[in-house]
Amino acid sequence: MRILKLKGLIAAAFTPFAENGEVNYGMIPKMADSLSADSITGVYVCGSTGEGISCSVEERIRLMEAWSKAAKGRLTLIAHTGALSLKDISVLNRKAVELEYDAFSVIPPTFFKPGNVRELTDYCRAAAESAPELPFYYYHTMKSGVEISMRDFLEYADGRISNLGGVKFNHHNLHDFQNALHACGGKYDVVFGVDEFFAGALALGTKAFIGSTYNYSACLYHRIWKAFEAGDWKTVEEDMRRVCLGVDLLIRNGGISAGKAMMLLKGIDCGKARLPLKQLSPEERKAISEAMKRLLEK
């Protein structure tokens, strides 16, 4: 397995749907062009933002293929292959290997949950062993309901999961995040994924981020990062306020559904989200994108 150290802003890509609810694969080249033009370094395919769990295995395979064709050579490719069935994970993992993805990632099961660090490690080892050629990133998220310390996980899993590359850390617990960064002498990649805590994670030494709002507002985060490195705290504070107001806009309007509406800022129509996520009217989607545009222009 080759060693991978992720860098920069990695977009958790939306999955575009047509008016009839089917995946609009033809939109993906335009999305890849937009990300590349915005100096995004990679794409996380079929994660939470991409509604991967709401897609069939066949749809996810076709999405992986479409992103591979559109983005290979200019964006790091990470496939989210998490599913309730380990057999489905294995199928998706082998496709990631076939398509020469750079890494794969798995969310924990959300119904029959691992209850301790040993059970989580056993599950992750079973999920990861079907693609030993690629680095495996455990997807730690508050939405899963699996509340296990990532420092404890990395220290216990060290040597037990041969292709463990690190953690996609989507949690508000910056204490555990900082401890995870230093677990096992800092050997593992711990990539931060809570956009509204971006500056805080920078202060802790983060070098890579995976987030949904980078799809349409990467310029804001690039500016914050540059200001942070220059010690321009006024710009960091002002632009983080814009980040938080944008996240507030997302929360008020259905999260992923609102984020897909904001893609209209990039001239990309990702359609509606799949049920049970909030269904927005064309008028609501337009109003959300215009509100976000005003935030970015301030």
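Just so it is clear, the structure is predicted and the values come from calculations on it, not from any experiment.
- Here the CG atom belonging to D176 is positioned 9.5 Å from the CD atom belonging to E147, to the nearest 0.5 angstrom.
- One N or O on the side chain of K260 and one on the backbone of K272 form a donor-acceptor pair closer than 3.5 Å.
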Original post:
Do F209 and W225 pass the ring pair (Phe, Tyr, Trp, His ring centres under 6.0 Å) test, and can you show the C-alpha distance, the side-chain angles, and the key distance before you say yes or no?
Top reply: CA-CA 11 Å; F209 299 81; W225 204 330; 5.4 Å; yes
**OP:** Report the C-alpha distance between D239 and K234 in whole Å, list the side-chain angles of each, state the deciding distance to 0.1 Å, and finish with yes or no for salt bridge (Lys or Arg N to Asp or Glu O under 4.0 Å).
**Re:** CA-CA 9 Å; D239 281 346; K234 179 174 171 54; over 6 Å; no
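- A donor-acceptor contact shorter than 3.5 Å links the side chain of R274 to the backbone of S54.
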Original post:
Should K113 and S144 be marked as a side-chain contact (heavy atoms from CB on, under 4.5 Å) after you check the CA-CA gap, both sets of side-chain angles, and the distance that decides it?
Top reply: CA-CA 9 Å; K113 299 181 178 68; S144 71; 6.0 Å; no
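- Put simply, the side chain of F169 does not reach to within 4.5 Å of the side chain of V191, judged on heavy atoms.
- A 4.5 Å side-chain heavy-atom check between V243 and Y221 finds at least one atom pair inside the cut-off.
- Residues H140 and V146 approach most closely at CE1-O, 3.9 Å, considering heavy atoms.
- Although no hydrogens or angles enter the test, the distance criterion places a donor-acceptor pair under 3.5 Å between the side chain of Q279 and the main chain of L277.
- With a 4.5 Å cut-off on side-chain heavy atoms, N215 and M263 count as touching.
- Screening T81, I78, V97 against L134 for a side chain to side chain contact (heavy atoms under 4.5 Å, CB included) leaves a single residue, V97.
- Side-chain contact check for R242 versus L296: every heavy-atom pair is 4.5 Å or farther apart.
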**OP:** Would you please test M142 and N170 for side-chain contact (heavy atoms from CB on, under 4.5 Å) and show each step?
**Re:** CA-CA 7 Å; M142 295 177 290; N170 283 52; over 6 Å; no
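- Following chains of ILVMFWY side-chain contacts shorter than 4.5 Å, one can reach W233 starting from L202, so the two form part of one hydrophobic cluster.
- Contact check for L154 versus L164: side-chain heavy atoms found under the 4.5 Å cut-off.
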**OP:** Check step by step if side-chain contact (heavy atoms from CB on, under 4.5 Å) holds for I224 and F198.
**Re:** CA-CA 9 Å; I224 292 168; F198 183 78; 3.8 Å; yes
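- Proximity of a side-chain donor or acceptor of E290 to a complementary backbone N or O of A287 within less than 3.5 Å is not detected.
- Of all non-hydrogen atoms in T15 and G50, the two that sit nearest each other are OG1-O, 2.6 Å.
- The backbone N or O of R223 sits nowhere less than 3.5 Å from a side-chain atom of K226 that would complete a donor-acceptor pair.
- Rounding to the nearest 0.5 Å places CG of D122 at 9.5 Å from SG of C124.
- Using a 4.5 Å cut-off between side-chain heavy atoms of Ile, Leu, Val, Met, Phe, Trp and Tyr, with links allowed through other members, L264 and V247 fall into different hydrophobic clusters.
- Under 3.5 Å, the side chains of Y101 and S68 contain no donor-acceptor pair of N or O atoms.
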**OP:** Any chance you could lay out the salt bridge (Lys or Arg N to Asp or Glu O under 4.0 Å) test for R252 and E284, step after step, and finish with the verdict?
**Re:** CA-CA 12 Å; R252 288 197 305 271; E284 288 173 320; over 6 Å; no
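- Atom-to-atom distance recorded for D232:CG and E237:CD is 10.5 Å, nearest 0.5 angstrom.
- In terms of modelled atom types and a separation under 3.5 Å, the side chain of Q178 and the main chain of L204 share no donor-acceptor contact.
- No more than 12 heavy-atom neighbours from other residues, nucleotides or ligands sit within 6.0 angstrom of NZ on K207.
- For the pair I61 and E58, the minimum side-chain heavy-atom distance is 4.5 Å or more.
- Just one of Y44, Y138, Y137, Y139 meets the side chain to side chain donor-acceptor pair (under 3.5 Å) condition when paired with S105; it is Y44.
- S130 and N93 are linked by a side-chain donor-acceptor pair at a separation below 3.5 angstrom, with hydrogens and angles left out of the test.
- At a threshold of 4.5 Å between non-hydrogen side-chain atoms, the residues I161 and F153 count as touching.
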Subject >> Test log, rule salt bridge (Lys or Arg N to Asp or Glu O under 4.0 Å), inputs R94 and E98 >> reply: CA-CA 6 Å; R94 294 318 303 166; E98 176 189 324; over 6 Å; no
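- Residue F104 is not grouped with residue I53 when hydrophobic side chains (ILVMFWY) are merged at heavy-atom distances under 4.5 angstrom, including chains of intermediate members.
- Using a distance-only test at 3.5 Å, with no hydrogens or angles considered, a donor-acceptor pair links the side chain of S217 to the main chain of T213.
- Here R62 contributes atom CZ and I28 contributes atom CD1; the two are 9.5 Å apart, rounded to the nearest 0.5 Å.
- Salt-bridge formation is not detected for the pair R125/E129: no Lys NZ or Arg NE/NH1/NH2 atom is positioned less than 4.0 Å from an Asp or Glu carboxylate oxygen.
- For the pair D269 and R285, the salt-bridge criterion is met [side-chain N within less than 4.0 Å of a carboxylate O].
- Interatomic distance, K293 NZ to L295 CG, rounded to the nearest 0.5 Å: 13.0 Å.
- Salt bridge present: E65 and K95 bring a charged side-chain N and a carboxylate O closer than 4.0 Å.
- Summarising the geometry of I10 relative to V43, their closest heavy-atom pair is CG2-N, 3.7 Å, with the distance given to 0.1 Å.
- No donor-acceptor distance shorter than 3.5 angstrom exists from the side chain of T206 to the backbone of A208, with no hydrogens or angles considered.
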Throw together a table of side-chain donor-acceptor distances under 3.5 angstrom for residues 17-24, partners on residues two or more places apart or in other chains.
| residue | atom | partner | partner atom | Å |
| --- | --- | --- | --- | --- |
| N20 | OD1 | E22 | N | 3.0 |
| N24 | OD1 | G26 | N | 3.4 |

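- The backbone N or O of A273 lies less than 3.5 Å from no partner atom in the side chain of S257, so there is not a single donor-acceptor pair.
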**OP:** List the steps, then state whether side-chain contact (heavy atoms from CB on, under 4.5 Å) holds for S212 with D195.
**Re:** CA-CA 8 Å; S212 65; D195 300 357; 4.0 Å; yes
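- Y156 carries R160 over the face of its six-membered ring, with the cationic atom under 6.0 Å from the centre and within 45° of the normal.
- Across all their heavy atoms, L6 and D189 have their closest contact at N-OD2, 2.8 Å.
- Note that CE of M31 is 11.5 Å distant from CG of L75, once rounded to the nearest 0.5 Å.
- Nearest approach of A128 to N163, heavy atoms of both residues: O-ND2, 3.2 Å.
- Applying the side chain to side chain donor-acceptor pair (under 3.5 Å) test to K187 and every residue at least two apart in sequence or in another chain returns D158.
- Side-chain contact between H171 and V194 is absent, with no heavy atoms from C-beta onward closer than 4.5 Å.
- Summarising the geometry of M64 relative to A79, their closest heavy-atom pair is CE-CB, 3.9 Å, with the distance given to 0.1 Å.
- Side-chain N/O atoms of S34 and Y216 include no donor and acceptor closer than 3.5 Å.
- Side-chain N or O atoms of R60 include one that pairs as donor or acceptor with a backbone N or O of H80 at under 3.5 Å.
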